[in-house]
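Let me begin by presenting the structure, written as structure tokens, before commenting on it.
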Amino acid sequence: MKPLLAGVALGLLVSWPVVAAPPVLRLAGGQAGSQEPREAAANVLQERQQRFQPVWSARGMVAAGEPLAAQAGARLLAAGGNAVDAAVATSFALAVTLPHSTGIGGGGFLLLWLPGPSPAALSAAASAAAPAAASARSSACAAARAQELPLGRGFALGIDFRESAPAAAAGNLFLDAGGTVDRRRATTSLLSTAVPGTVAGLLLAQRCYGRLPLERVLAPAIALAGEGVPVSKNFSQSLAAAAPLLLADPGSRALFFRVDRRGRWRPLQPGEMLQQPQLAASLRRIAAGGNAGFYQGPSAEALVRLMRRGGGLISADDLRAYRAKPVRPLQIRFHGNQVLGLPPPAGGITVLQLLRMLERFDLAALGLNSAATLHLMGEAMNLAYRERNAGLGDGAEAPQAWQRWLADGPIQALVESINPLRHRPAAQLLARPAVLAEGDDTTHVSVADGRGGLVATTSSINFSYGNGVTVPGAGFLLNNHMDDFTAKPGSANGFGLVQGRANAIRPGRRPLSSMAPTLVFRPDGSPWLATGSPGGSRIATTVVQVVLNRLVHGLNLAAAVAEPRIHSQLLPDRLEFEQGLNVDTRRILQGMGHLLHQAAAMGAAQSVELIPSQQGGGSYGVTDARRAWALAQPED
């Protein structure tokens, strides 16, 4: 028995509440018997061992938060595209079909692994020999190539397309005359909008690592925007919930609402069509002109006019200056497997810290969802969030520091501070202010292709429908991610979380994020799975639990995603749990000092997995039932 496991086991003997023993089982012959089962009967019904099963494909797979977008990506796989083409096509399609979660007015992160030599090297060489018009592509692909991480028989790369603060932004942007944070200004005004990054990030990935022409990749999104998409019940309900925000903006009101017989505005109803001709035109300009089709020209001019008219900060210079950043992924080994995440401002370091801490405990022996396992997970979560809150911000400001956070010494010190018998209150952990996280309406896409490529990408406009403002003449909603900065140290943000100084507003800086696209590889370096989730501050803990369930507890991918989740983030000092955690386990956790709180469903982990060739090859896909409108779409 491992020492840390022994300590936990001893704690169970001396400190857990006593519960009544189960009634003694009696066998048919009347004797008291053990609970050892009789010889198993033949499985004549061919029943599966696990309750949930993933979707199977002989080739590639797309798992995304909306069916039409997932189908668009899968069709590009079938047309010869790779995982990057499919992820980019799906993400642009989601900007049309899931506007409350993402859009070209937002930002995010992408993590890819591709087999073989880097296409970016070929793209850079070809563009360097081309006319001057291709010089920007050559430079961007060369910069991406320099950040690639060799892994197995291929390479990995991250792309940071988080929004950035405009040049005119100042640290006191959201403070009123009395020094108090103005929540309306921080969340629903044009001041809340950071310079969008989604277009630049997706185009960087596609032009350096995709296989298909950009026009082909954008065609599904253009068609969906122009021809229209049927409104689902969930979409209609989200519009009704956001009506006070959306009705305040003329563009959003005209796009998402209709006038009823009594002359009152009502949201689009299930079965009605949402047509977005202005967004279709913006997407056509991107397809024809690349970055210049969005960051310059009519779309950029429309955004700048809106900013000038409404008191926003984004200028034409801000748009022209924006660049997506290729970044080298962070890498750890977890039970022999390699796990990749992205450095700050992404949330990958929290995922990797948690996995490194929890690897020190024999969670498999303690058992899936046992009180002992959940206690250790909750305590590790609090430590990871304390570290995160202490000093994370824009990763560009300390690019070499983050791997040290994952080194053996610091991780072991954190593990040794965990009390295996009792919950340690936040006050005893020298709790620091909690950092801001995205709204729950972020979205995630995971893709596997038939060649073994993997992509995980998470994007957001922050709150549902961002700040509720649609750009006139361009047709896209604006983010309110400026609220992810520190408006005032010690003051709560829109989610009730308090931020630290390392995340203060500064021109050009990118706000700290919880988004954590994650890739897992087998010990030999072969690609295994891609996952990620929306969910604000619960993103990291959602991803970690999917990985633990799959790699440690041996669940298949579907069961790993479906299991009930917990979450703790140091402040507020409580252990949150989903429906499904049994009452006996909850009583034991309370006896260990945890304040429990039943929360709403946590996250929505869209995940894919590659099946080894010796097991027949192909892929699995899973969408999280916590959001019923998602889809895992096979390529074939």
Can you give me every donor-acceptor pair (side chain of residues 219-237, partner residue at least two apart or in another chain, under 3.5 Å) with its distance?
| from | atom 1 | to | atom 2 | distance (Å) |
| --- | --- | --- | --- | --- |
| Ser232 | OG | Phe235 | N | 3.1 |
| Ser236 | OG | Leu268 | O | 2.7 |

For residues 280-294, which side-chain donor-acceptor pairs fall under 3.5 Å, sequence neighbours excluded?
| from | atom 1 | to | atom 2 | distance (Å) |
| --- | --- | --- | --- | --- |
| Ser282 | OG | Gln278 | O | 3.3 |
| Ser282 | OG | Arg285 | NH2 | 3.3 |
| Ser282 | OG | Ser299 | OG | 3.4 |
| Ser282 | OG | Ala474 | O | 2.7 |
| Arg285 | NE | Ser299 | OG | 3.2 |
| Arg285 | NH2 | Ser299 | OG | 3.1 |

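If you check the side chains of Ser460 and Asn479, you find no donor sitting under 3.5 Å from an acceptor. Gln606 and Thr623 are not linked by any side-chain donor-acceptor pair at a separation below 3.5 angstrom, with hydrogens and angles left out of the test.
You'll find the ring centres of Phe256 and Tyr465 inside the 6.0 Å limit.
Ion pairing of Arg509 with Glu163 is absent here, as no side-chain N (NZ or NE/NH1/NH2) approaches a carboxylate O to less than 4.0 Å. Of the charged side-chain nitrogens involved, at least one lies within less than 4.0 Å of a carboxylate oxygen, so that Asp624 and Arg565 count as a salt-bridged pair. A salt bridge links Arg320 with Asp317: at least one charged nitrogen is closer than 4.0 Å to a carboxylate oxygen. Salt bridge status for Arg185 with Asp176: absent, with no side-chain N to carboxylate O gap under 4.0 Å.
Taking the side chain as every heavy atom from C-beta outward, Leu313 and Leu191 approach each other to under 4.5 Å. Contact annotation: the side chain of Gln353 never approaches that of Arg388 to less than 4.5 Å [non-hydrogen atoms, C-beta and beyond]. Counting only heavy atoms from C-beta outward, the side chains of Gln569 and Asn382 never approach each other to under 4.5 Å. Counting only heavy atoms from C-beta outward, the side chains of Val327 and Pro343 approach each other to under 4.5 Å. For the pair Tyr209/Leu157, a side-chain contact is recorded, criterion being any heavy-atom separation below 4.5 Å from C-beta on.
Among residues at least two apart or in separate chains, side-chain hydrogen bond (donor to acceptor under 3.5 Å, both in side chains) pairs with a member in residues 83-92 are Asp85-Gln206.
Geometric assessment of Arg258 against the ring of Trp265 yields a negative cation-pi assignment under the 6.0 Å and 45° thresholds.
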Legend entry - ring pair (Phe, Tyr, Trp, His ring centres under 6.0 Å) between Tyr385 and His567, worked out: CA-CA 11 Å; Tyr385 275 86; His567 173 76; 5.8 Å; yes
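In terms of modelled atom types and a separation under 3.5 Å, the side chain of Thr442 and the main chain of Pro534 share no donor-acceptor contact.
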